[in-house]
Amino acid sequence: MLALVLALTVLTGCGPYTYYGGTGLHDVTPAEVAGVWENVEGTRLAFDEDGTAILENLDGQDFDFDDGWRLSGTGTWQLTDDNGGQKVRLALTARTQVGTRLSLSPGEEPPPEPPSTYTWYFYVDRAQQDELTLFFFFGDPDAGNTYVMTRGTAP
């Protein structure tokens, strides 16, 4: 049976993200999500308890990551819950800055214009010592690459 599942996965191009059902976590409160979040790439998010957010250098989700843009600005956030678990919906409503991760070679086509508004969906999970982490998948969904945010420090 395992061989059949593996064969179908290879033949259909279905990777780990394609059918990802979520973390199964349902007990997180908005107060636990509120605060500062960071990652190793220099991204910084600040979620206020009133549902507003400040974003700094946040990359695109899924295939949008491959365009290389990084957005900064303000927006809103909301903790959602469905059968697969909780997610944080983060909506950029006012873009204040655009950055890039890409270095273009001479003659290389520039990436598409970054969006002026954008919405991310972060899965909510608990790491070691019961600490929350937020993550989304980036790049080719079949690769299963995760963009992980951990609790940061206040400015």
Side-chain angles (χ1 to χ4, degrees), residues 9 13-104 108 110-155:
T9 299
C14 299
Y17 169 67
T18 306
Y19 296 108
Y20 186 73
T23 62
L25 198 61
H26 297 282
D27 64 349
V28 175
T29 65
E32 288 180 278
V33 176
V36 176
W37 296 85
E38 299 173 334
N39 81 355
V40 297
E41 298 296 323
T43 299
R44 186 173 173 85
L45 307 174
F47 297 145
D48 200 326
E49 289 184 17
D50 67 1
T52 58
I54 299 173
L55 304 72
E56 296 175 13
N57 298 316
L58 184 55
D59 295 284
Q61 189 167 350
D62 298 325
F63 281 113
D64 291 336
F65 181 86
D66 296 338
D67 290 337
W69 48 256
R70 308 189 84 202
L71 300 177
S72 297
T74 58
T76 60
W77 71 276
Q78 178 183 18
L79 182 63
T80 65
D81 198 348
D82 61 26
N83 290 337
Q86 291 174 290
K87 296 178 191 167
V88 172
R89 179 187 181 275
L90 174 60
L92 173 71
T93 56
R95 184 179 80 183
T96 58
Q97 184 177 347
V98 175
T100 185
R101 286 180 289 96
L102 302 177
S103 298
L104 297 177
E108 189 175 354
E113 175 66 24
S116 58
T117 62
Y118 193 83
T119 302
W120 293 262
Y121 289 91
F122 288 87
Y123 291 98
V124 180
D125 202 4
R126 290 204 189 274
Q128 298 174 358
Q129 291 85 32
D130 212 30
E131 293 177 12
L132 288 183
T133 58
L134 307 177
F135 69 94
F136 63 76
F137 291 95
F138 70 89
D140 183 346
D142 292 335
N145 295 319
T146 54
Y147 195 94
V148 179
M149 303 295 297
T150 57
R151 185 64 69 183
T153 55

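The ring-ring contact (aromatic ring centres under 6.0 Å, His included) contacts involving residues 67-94 comprise Phe47-Trp77, Trp69-Tyr118, where partners must be two or more places apart or lie in separate chains.
Crowding of Ile54 atom CD1: a count of heavy atoms from other residues, nucleotides or ligands under 6.0 Å not exceeding 12. The local environment of CD in Glu108 is crowded, with over 12 non-hydrogen atoms from other residues, nucleotides or ligands closer than 6.0 Å. Taking a 6.0 Å sphere around CG of Asn83, one finds it holds 12 or fewer heavy atoms contributed by other residues, nucleotides or ligands.
A donor-acceptor pair under 3.5 Å is formed between the side chain of Asn39 and the backbone N or O of Thr43. Side-chain atoms of Thr80 come within 3.5 Å of backbone N or O of Lys87 as a donor-acceptor pair. In this structure, Trp120 contributes its side chain and Asp59 its backbone to a donor-acceptor pair below 3.5 Å. Judged by distance alone, with hydrogens and angles left aside, the side-chain atoms of Gln86 form no donor-acceptor pair with the main-chain N or O of Leu79 at under 3.5 Å. In terms of modelled atom types and a separation under 3.5 Å, the side chain of Asp82 and the main chain of Gly84 share a donor-acceptor contact.
Put simply, the side chain of Pro115 reaches to within 4.5 Å of the side chain of Leu71, judged on heavy atoms. Counting only heavy atoms from C-beta outward, the side chains of Thr23 and Arg126 never approach each other to under 4.5 Å. Between Leu90 and Leu58 the shortest side-chain heavy-atom distance falls below 4.5 Å.
The CG atom of Asp66 lies 8.0 Å from the CG atom of Asp140; values are rounded to the nearest 0.5 Å. In this structure, Leu92 CG and Thr76 OG1 are separated by 9.5 Å, a value rounded to the nearest 0.5 Å.
Classification of the Phe138-Phe65 ring pair by plane angle, with boundaries at 30° and 60°, yields tilted.
When only modelled atom types and interatomic distance are considered, Tyr123 and Thr146 share no side-chain donor-acceptor pair under 3.5 Å.
For Glu113, the salt bridge (charged side-chain N to carboxylate O under 4.0 Å, His left out) partners are Arg95, not counting sequence neighbours.
Annotation for Asn57 and Ser72: closest pair N-OG, 2.9 Å, computed over non-hydrogen atoms.
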